[in-house]
There are 2 protein chains.
Amino acid sequence: MKNKVQLKDIALAAGVSPALASYVMNGRYENRIKKETADKIRKIAEEMGYVPNQIAKSLKIKKTFTIGLMLGDIMNPFSYHIARIIEDEAKKYNYTVIFGSCDENKDQSKKLMDTLINRQVDGFIIAAAAGTQSQLKSLQQMEIPFILIDRYFPEEKFNYITIDNYGASFQAVDHLAKTGREKIAIINYESELVHLQNRTKGYVDALKANKIKPKQEWVCNVKMRDNPENIKNEIAEFLKNRKSIDALFVSTNGLTLQTLKLLNKLEIKVPDDLAIVCFDETDAVELFYSPLTFVKQPMQQMGSLAVQTLLKQVEKNDNQLHEIVLETTFVVNKSSGVA
Amino acid sequence: MKNKVQLKDIALAAGVSPALASYVMNGRYENRIKKETADKIRKIAEEMGYVPNQIAKSLKIKKTFTIGLMLGDIMNPFSYHIARIIEDEAKKYNYTVIFGSCDENKDQSKKLMDTLINRQVDGFIIAAAAGTQSQLKSLQQMEIPFILIDRYFPEEKFNYITIDNYGASFQAVDHLAKTGREKIAIINYESELVHLQNRTKGYVDALKANKIKPKQEWVCNVKMRDNPENIKNEIAEFLKNRKSIDALFVSTNGLTLQTLKLLNKLEIKVPDDLAIVCFDETDAVELFYSPLTFVKQPMQQMGSLAVQTLLKQVEKNDNQLHEIVLETTFVVNKSSGVA
């Protein structure tokens, strides 16, 4: 890498002192410098390809105006959707977002976090992988601001924004029961992530509330970090033996995609053969021939609040603990058989 | 932000010299330091939450093992798919990828590029927005390695990896003509991006090669940076007046998603009312009731080659110009009416 253009190079080219070039490029003493001189310096800086050194600047003002965003897997619809919202919201406050995936892996999470710490981000927004509590505690010890989204650890004092996973799942399954379905299955990940466990709890309690006795054969639990081919095969096996079920609650958007593709392939008719309710608004809702009944997360609100809550810590040294639980909306479409 | 744990703090806690702590933490003189001492220092470092300072390290070895990835829009299927492949490939070489979206916007591209330059990335992989040639030239002048993916600028000497956009589109439209369609429409973006223009050229030339005279009324060109609602309305209007067409080539995956949703809504039957051929393998291929005939980009190859070609520059000072054009595969499914 060749040396970047320095202020002194610009000063030389413009025939002014380095100090004057520095004042202009950093917007200081504006009313004491002739406009023509300032314009000339800025023009030369641009022509020479000068990049203001934000790190050097940040050593003085102690900020880099950069947010580090750590996601599960960028291929997951929740990830890229929330990333986009966070980028747009951050831009309003003149912050740039740089991000990467942890791939639900503790070690990769650590590596990405270290990379971003060393890149001097002002704070983090994190969709935490399972087992990363100690990494998050290190952030706290270093007093680096952060907020969790989606996933959280109830036993820890970390800022988080999540949804009412239990309530949303209860509502989804209650809808199936109240509209006449009696043998309601669930596809979920087997995981130590609390938000996913709460989705299964909501399912079980909704069955009980409708006097339906939960059965083990209605539960399809797939391993979170298994390879996609295995997950697909497990769901396919489950769907082929579906005779004993008349409805299905799919607890994540990734699992929903897999399930819908298999329903097409196996020519299982929705909602006649099987009523479907799923989690999250994705392209699949309108792409599938039977528009999907789904739990809608308040993505926009979650992303905006994450940025705003983080920036309160970054800019105003806000030290309050923020444990934010947002409500979901339940959207009824054709796939659950009543619209 | 509290000061991070320093090597001297670890040395103090371990009762050793700072130099010794440094040797152990940087893996130097391993055979000259007692294993128990080294283990003790490492254990204390971990307990104290020590983060190896990659920037400090990189000042010596002049590398940060970080790749900056600049994407169009992270919500676009091409973006998140290639991001994932690049992350996985980079990991093989022990590089971390940090990324962000330019949102097809020149200014946002500049800001993201500056942010990443200041974060000392070793090199860039860039899906360049229109009009960013001068930004890329600055990178060249600073001798910061980079390679373009997907988009490229034929008149410039930049490294790039793209596909044969003209040939792929020709093949797609030729397939429709050869299987009996006579009134073949195209939906594409109106854009100064060469790869998109080449897709329209391939469409026009395939019609001519099949003795079909292209008609203006068969062309739906939507503005690239228009808001999604406007794009949707434009495509909807076009589809409602479809009487004069019997087949449709959709030139990007984003436009394909919009088009398929509208076909569902307008109850236009594929392939009976309208044969469809589109670009890129996405979830839509299997989610749509009529599995899609599509142009398959070699995503894995493109992502891997991008990383490998970039790292040749970063690690081996490779100065050759790499202009790589990959072949696509054409996958025939039900939507074009012949499978």
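Nothing here was measured: the structure is a model prediction, and the numbers come from that model.
- The environment of NZ in B:K316 is sparse: at most 12 heavy-atom neighbours from other residues, nucleotides or ligands sit within 6.0 Å.
- Of all the listed residues (B:D103, B:V97, B:L112, B:L260), the one sharing the greatest number of non-hydrogen pairs under 4.5 Å with chain A is B:D103.
- A:K106 meets the salt bridge (charged side-chain N to carboxylate O under 4.0 Å, His left out) test with no other residue; sequence neighbours excluded.
- Separation of atoms CG (A:D150) and CE (A:M302) is listed at 6.0 Å; rounding is to 0.5 Å.
- Aromatic ring centres of A:F294 and A:F279: separated by at least 6.0 Å.
- Residues of residues 70-79 of chain A placed with any heavy atom under 4.5 Å of a heavy atom in chain B are listed by number as A:D73, A:I74, A:M75.
- For the residue pair A:Q120/A:T64, the side-chain donor-acceptor check at 3.5 Å is not satisfied.
- The most heavy-atom pairs under 4.5 Å with chain B, out of A:T282, A:N264, A:L262, A:N317, come from A:N264.
- B:D107 is linked by a salt bridge (charged side-chain N to carboxylate O under 4.0 Å, His left out) to nothing, counting only residues two or more places apart in sequence or in another chain.
- Residue B:K91 touches chain A through its side chain alone, counting heavy-atom pairs closer than 4.5 Å.
- B:K334 pairs by the salt bridge (charged side-chain N to carboxylate O under 4.0 Å, His left out) definition with nothing, not counting sequence neighbours.
- Interface remark: B:Q135 contributes no atoms to any contact with chain A (heavy atom separation under 4.5 Å).
- When heavy atoms are compared at a cutoff of 4.5 Å, B:D283 approaches chain A by way of both its backbone and its side chain.
- Heavy atoms of B:L116 lying under 4.5 Å from chain A belong exclusively to its side chain.
- Between atom CD1 of residue B:I67 and atom CD1 of residue B:I125 there is a gap of 5.0 Å, rounded to the nearest 0.5 Å.
- To the nearest 0.5 Å, atoms OG1 (B:T115) and NZ (B:K110) are separated by 9.5 Å.
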